[in-house]
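Here the structure is laid out as C-alpha cells; the discussion comes afterwards.
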Protein chains: 2
Amino acid sequence: MNSGRFAISVHILTLLTFAEDEWTSSEYLAGSININPVLVRKELSNLREHGLVLSKEGKSGGSKLAKPAGQIFMSEVYEAVKQKDLLGKGINSPNPACPVGRKINDHLDSLYDDAEKTLLASLGKVSLAEFCGKFN
Amino acid sequence: MNSGRFAISVHILTLLTFAEDEWTSSEYLAGSININPVLVRKELSNLREHGLVLSKEGKSGGSKLAKPAGQIFMSEVYEAVKQKDLLGKGINSPNPACPVGRKINDHLDSLYDDAEKTLLASLGKVSLAEFCGKFN
DNA sequence: TTGTACTGTAATGATAAAAGTTACAGTATG
DNA sequence: CATACTGTAACTTTTATCATTACAGTACAA
C-alpha cells in the first residue's frame, strides 16, 4: 500500500466535510496538512478522477465533496489511492529456473487478493461522515 | 506496509518448506528469489527473531523452519515484517493549530487498527503448508 | 589444527521513489 | 482586465531501498 497518500486523502476529505459546501482552496488544505500545495492538487486531481471531489477553477475556485460525507466510504478512498498492491506484489523477479520462483508470484497474488477483499470490507463499513463525527 | 519484504519472507519460508529438514544456505535462497544474499540474511535474521526460522553457523550451516509449516501462519509473517503501519500512519505532521490537523492522526490510528485486525484474521487462516500445497 | 564454507553485520555506494519547489498557462470572477 | 484561483510540467532535494564489499566469528572435516 502506498505510504502516506491514504492519510493525505482522508485529511483532505475531512477538511472538505467541515467546510460544508464551500469551495476550499488547495492552499488552505495544504496549510492544515502541512504539505506542499502542489501535492494537494495532485491528490485532489486523483480524488476527482475517482468521483469523490469536485473542483472549480478561476477566482474563488477550490474543491468540495462530490457527494454527501455519509455516502463516501473509506474503501473508496483506499481504492482511489492504491497503485501497488497491498503487500508489495510483483516487485521481485524470481528465478524462473526455480520451481518455486517460477510460480510464487501467482500464488502470492491470490493470497493478496483475498486479504485485500477483507480489508475493503472493513474499510467499507466506515463512512467519511462517521469518521468526521469523531472530531466532535 | 513495507514494499516487498512480505513477499521475500514468504518466498524464503516456501523454499525452506520444500527443503524439508535440510539446512539451506542464504546463497541458494538468494538464487531463487533473485536478490542479494545479504538481503536474504537480513530477512532471515528478522524471521529468526520472530521465531519462524533457525539458523546454524559454520560450514554446512544454513537455515530451516523453526516449526512445521502447518503451524506457521501468514499473519505471523505479516507481523514479522511490518514496521510502518498498514496505510502509512504517522508520516505527516499536520498543523496543530488546525482542529482537524491536531486530532486526525489519532483518528486515523484507530481506523488502521481496526482494518489491520481484519487483515490479520484473514491472513491467519492460511498456513505456510497450505500455501506450499498450491505448488503441487 | 588448519582450510573451507558457511553466518552475521557494518559500512558504503548506487538506484529508485517520494516529496518539495518553481514556473507558468488556463480560467472564472468582480 | 486585474486578481485569485486550478492544473500540470519540469526540475531539485530528500529519503528509502537494494546491491556490494568487507571482514570477523563459527563449525565441520580432512
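Below, chains carry the letters A, B, ... as their sequence lines are ordered, and counting in each starts from 1. All values reported here derive from a predicted model rather than from experimental measurement. The figures that follow rest on heavy atoms only: side chains count, while hydrogens, waters and symmetry mates do not.
When all heavy atoms of R41(A) and S26(A) are compared, the closest pair comes out as NE-OG, 3.0 Å. The shortest non-hydrogen separation linking I8(B) to I35(B) is CD1-CD1, 3.8 Å. Scanning all heavy atoms of the two residues, the minimum distance from E27(B) to P37(B) falls at OE2-CG, 3.9 Å.
Between S45(A) and dT8(D), a side-chain N or O to OP1/OP2 separation shorter than 4.0 Å is present. Contact check, R5(B) against dC18(D): no side-chain N or O comes under 4.0 Å of OP1 or OP2.
For S25(B), the side-chain hydrogen bond (donor to acceptor under 3.5 Å, both in side chains) test picks out no residue, with sequence neighbours left out.
Between its two ends, the helix from dT1(C)-dA30(D) to dG30(C)-dC1(D) turns its axis by 10°, counting five pairs per end and rounding to 10 degrees.
Atom CD of E27(A) and atom C1' of dG20(C) are 14 Å apart (whole Å). The interatomic distance linking I8(A) (CD1) with dG20(C) (C1') rounds to 12 Å, in whole Å. If you measure from atom CD of E43(B) to atom P of dT17(D), you get 12 Å, rounded to the nearest angstrom. In this entry the distance linking CD1 of I35(A) with P of dT21(C) reads 11 Å, nearest Å. Straight-line distance from the CG atom of N46(B) to the P atom of dT7(C): 17 Å, rounded to whole Å. Taking atom CG of L54(A) as the reference point, atom P of dG7(D) lies 11 Å away to the nearest angstrom. Remark: P of dT15(D) and CG of L39(A) are 15 Å apart, rounded to the nearest angstrom. In this structure, the NZ atom of K42(A) is 9 Å from the P atom of dA9(D), given to the nearest Å.
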Could you tabulate the donor-acceptor pairs under 3.5 Å formed by side-chain atoms of residues 63-75 of chain A, not counting sequence neighbours?
residue, atom, partner, partner atom, Å
S63(A), OG, S55(A), OG, 2.9
K64(A), NZ, D21(A), OD2, 3.4
K67(A), NZ, E76(A), OE1, 3.0

Less than 3.5 Å apart, which donor and acceptor atoms pair up between the side chains of residues 123-136 of chain A and the rest of the protein, not counting sequence neighbours?
residue, atom, partner, partner atom, Å
S127(A), OG, A129(A), N, 3.4
S127(A), OG, E130(A), N, 3.0
S127(A), OG, E130(A), OE2, 3.4
E130(A), OE2, S127(A), N, 3.4
K134(A), NZ, S110(B), OG, 3.1

Between protein and nucleotides 13-15 of chain C, what N or O pairs are separated by less than 3.5 Å?
none

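Contacts of S26(B) with the nucleic acid, taken as non-hydrogen atoms under 4.0 Å apart, involve only primed sugar atoms and P, OP1 or OP2.
Under a cut-off of 6.0 angstrom, the local environment of OH in Y28(A) is sparse, with at most 12 non-hydrogen atoms contributed by other residues, nucleotides or ligands. Around CD of E79(A), the count of heavy atoms belonging to other residues, nucleotides or ligands within 6.0 Å exceeds 12.
Mapping S25(B) and P37(A) onto DNA chain C by nearest heavy atom places S25(B) at the nucleotide closer to the 5' end.
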*Once each nucleotide of nucleotides 22-30 of chain C is scored for protein heavy atoms under 4.0 Å, what B/S/- sequence comes out, 5' to 3'?*
B----BBB-

*Show your working on side chain to side chain contact (heavy atoms under 4.5 Å, CB included) between K117(A) and L120(A) and close with a plain yes or no.*
CA-CA 5 Å; K117(A) 264 178 211 143; L120(A) 282 171; 5.8 Å; no

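Here the options are V40(B), I33(B), N34(B), the test is side chain to side chain contact (heavy atoms under 4.5 Å, CB included), and the partner is H11(B); only I33(B) passes.
Hydrophobic cluster membership is shared by F18(A) and L111(B), with clusters built from Ile, Leu, Val, Met, Phe, Trp and Tyr side chains linked at under 4.5 angstrom.
Checked by atom type and distance alone, the side chain of N46(B) pairs as donor or acceptor with a backbone atom of A80(B) at under 3.5 Å.
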